[in-house]
Every structure is written in C-alpha cells, then in structure tokens.
Amino acid sequence: MTLKITEQPVSSLAQYGQIPIAFEVREILDVVATRHEPGGLRLVPRALAEPYMKDYDAELANRPTQWAARFDLSHWGFLIAMLDGEHVGGAAIAWDCPQVDLLESRSHLAILWDLRVAPAARRQGVGTALFNEAERWAAARGARMLKVETQNVNVAACSFYAAHGCTLGAIDRFAYADLPDEAQLLWYKNIE
C-alpha cells in the first residue's frame with residue numbers, strides 16, 4: 001500500500017469534506033482543579049457509561065465547504081492523503097490569516113485547523129504523515145510554532161498530539177457556550 005500526501009487547491013474542499021471526521025466518544029478528560037499542577041488544572045480520564053458519536057461536520061458552519069464564507073483562504077494549505085488512489089485523510093493549515101483569532105495575530109504561528117482520517121485508515125500512519133507534512137508546510141512559510149485546538153472529548157486526538165511533540169498550553173473550560181460539557185484544549189509545538 002502506498003500513501004501519498006499532496007497539497008490541493010481550495011476548489012478541492014468539497015472532496016476534502018467527504019472524508020469523515022466523526023469519532024466515538026468513549027471517555028473524556030475531566031478538567032480538575034489542583035494546587036499541585038502547573039496552571040492549577042489537570043486532565044483526568046473518565047470512561048463514559050454511554051458512548052456517543054461526535055461529528056465536527058454536523059454543524060453546517062464547520063464543514064470544509066463553508067470555510068471560504070468565513071475566512072480568506074489565501075494563506076491556507078489543504079493536504080490530502082491518498083492510499084492506493086483513495087482519499088483517506090486531509091489536513092488544513094492556516095497561517096497569517098487575521099480572521100482566525102486562534103492565530104493571535106502572530107506571524108510566526110500557524111494553526112492545524114483540521115485533521116481528518118477516514119475510519120478504515122485510522123491507526124495506519126495517515127494522521128502522522130499529514131501532521132508531519134502540515135509542520136513542513138507551516139515551516140516553509142516562516143512559522144516557528146504550530147498550534148492545534150481540540151476538546152476534552154477527543155481523547156485520541158489529545159494522545160496523538162502529545163505523542164507528536166505538542167505541549168498542552170491552555171485549557172478553556174468555558175470556550176463553547178453551546179457545549180458546556182466540552183473544554184477547549186490548545187496544543188503547541190515548536191517547529192523549524
């Protein structure tokens with residue numbers, strides 16, 4: 001099996017969005033206050049009695065086909081992973097994009113906006129290949145740090161980012177007014 005990562009134009013976002021991003025939530029990371037941890041908070045895994053499906057694309061505004069309506073995509077990169085000719089993953093990276101508040105108006109910061117791998121291709125190195133290529137894409141534009149946003153309900157993503165050298169830099173328990181049980185987790189990685 002041959003994995004190939006290529007950069008695609010904005011016009012490919014409809015095809016990009018067909019790669020599923022949904023996952024089953026079986027456990028969450030509870031945000032617990034503590035005096036003994038840096039920042040006064042720590043994440044404690046907790047199994048759920050009733051697992052559920054989380055799909056970031058369920059909300060229309062979050063779908064890749066809607067990004068152009070929300071942002072100027074001229075400083076975005078769109079990567080597609082193909083395994084034996086089949087689209088199995090994608091990554092979107094933004095850099096130097098004032099409409100993206102998470103970039104904090106910092107030119108040396110890029111954000112991995114989206115990373116998705118088709119369920120049948122998960123745990124086969126596709127995510128790692130996309131993450132590595134996203135780092136290269138950002139570094140080629142002068143970014144020295146990559147930022148990633150995820151949530152405490154995406155334990156697999158948190159483990160993935162930690163295993164790929166990211167450091168948890170911020171926890172915001174109140175970031176999502178419509179999702180009061182979800183906490184925003186911001187990961188950072190120095191890149192060169």
Side-chain angles (χ1 to χ4, degrees), residues 1 3 5 16 19-34 36-59 62 64 77 79-81 83 87-94 102-103 109-139 143-176 179-192:
M1 298 181 108
L3 179 65
I5 308 289
Y16 177 106
I19 301 164
I21 196 169
F23 60 95
E24 185 176 33
V25 179
R26 294 179 184 176
E27 67 177 336
I28 65 169
L29 298 169
D30 286 327
V31 180
V32 177
T34 177
H36 307 292
E37 302 289 328
L41 299 172
R42 71 180 168 129
L43 300 173
V44 177
R46 175 175 51 91
L48 296 179
E50 294 185 35
Y52 65 93
M53 293 300 293
K54 174 75 176 181
D55 186 357
Y56 295 116
D57 288 344
E59 185 178 325
N62 290 340
L79 306 174
I80 291 287
L83 191 58
H87 288 90
V88 295
I93 316 100
L102 288 169
L103 286 172
L109 182 64
I111 186 163
L112 180 57
W113 185 261
D114 185 84
L115 179 67
R116 55 183 65 213
V117 177
R122 291 178 185 165
R123 300 188 187 280
Q124 296 180 34
V126 176
T128 294
L130 286 164
F131 185 84
N132 293 341
E133 191 59 33
E135 282 187 83
R136 282 191 282 281
W137 185 95
R144 295 187 314 269
M145 182 174 280
L146 187 65
K147 182 177 186 177
V148 184
E149 174 193 15
T150 192
Q151 296 73 37
N152 63 324
V153 297
N154 198 342
V155 176
C158 293
S159 297
F160 175 86
Y161 295 126
H164 287 80
C166 297
T167 301
L168 182 60
I171 300 171
D172 186 345
R173 295 183 295 167
F174 309 107
Y176 312 112
L179 302 167
D181 295 329
E182 291 190 21
Q184 179 188 60
L185 306 178
L186 298 175
W187 299 83
Y188 296 83
K189 182 176 183 183
N190 289 321
I191 58 175
E192 299 197 20

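Rounded to the nearest 0.5 angstrom, Leu83 CG and Ile5 CD1 are separated by 9.5 Å. With values rounded to the nearest 0.5 angstrom, Asn152 atom CG is found 8.5 Å from Asp181 atom CG. Annotation: the span from Asn190 atom CG to Glu135 atom CD amounts to 10.0 Å, rounded to 0.5 Å. Between the CD1 atom in Ile171 and the CD atom in Gln151 there is a gap of 13.0 Å [rounded to 0.5 Å].
Contact detail for Gly89 and Val126: the closest heavy-atom pair is CA-CG1, 4.3 Å. Taking all atoms of both residues into account, the shortest heavy-atom contact from Ala138 to Ile191 is CB-CD1, 3.7 Å. Closest approach of Thr150 and Cys158 over heavy atoms only: CG2-SG, 3.8 Å. The minimum heavy-atom distance linking Ala81 with Leu3 is given by the pair CB-CD1, 4.0 Å. Among all heavy-atom pairs drawn from Ala175 and Asp172, the shortest one is N-OD1, 3.3 Å.
Side chains of Asn154 and Leu185 form no contact here, defined as non-hydrogen atoms less than 4.5 Å apart.
Every residue meeting the side chain to side chain donor-acceptor pair (under 3.5 Å) condition with Glu182, not counting sequence neighbours, appears here in chain and number order: Lys54. With sequence neighbours left out, Thr128 forms a side chain to side chain donor-acceptor pair (under 3.5 Å) with His164. Among residues two or more places apart in sequence or in another chain, the side chain to side chain donor-acceptor pair (under 3.5 Å) test is passed with Gln184 by Glu149. Considering only residues two or more places apart in sequence or on other chains, Arg144 meets the salt bridge (charged side-chain N to carboxylate O under 4.0 Å, His left out) condition with none of them.
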Show me the donor-acceptor pairs, under 3.5 Å and distance only, between side chains in residues 21-32 and residues at least two apart or in other chains.
residue	atom	partner	partner atom	Å
Glu24	OE1	Arg26	NE	2.8
Glu24	OE1	Arg26	NH2	2.9
Asp30	OD1	Arg46	NE	3.4
Asp30	OD1	Arg46	NH2	3.1
Asp30	OD2	Arg46	NE	2.6

Listing, residues 109-121 side-chain donor-acceptor contacts under 3.5 Å, not counting sequence neighbours, or none:
residue	atom	partner	partner atom	Å
Asp114	OD1	Arg116	NH2	3.2
Asp114	OD2	Tyr16	OH	2.6
Asp114	OD2	Arg116	NE	2.8
Arg116	NH1	Ile19	O	2.8
Arg116	NH1	Asp57	OD2	2.8
Arg116	NH2	Asp57	OD1	3.0
Arg116	NH2	Asp57	OD2	3.2

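Between Phe160 and Phe131, the ring planes are perpendicular. Angles over 60° get that label, and only those under 30° would be called parallel.
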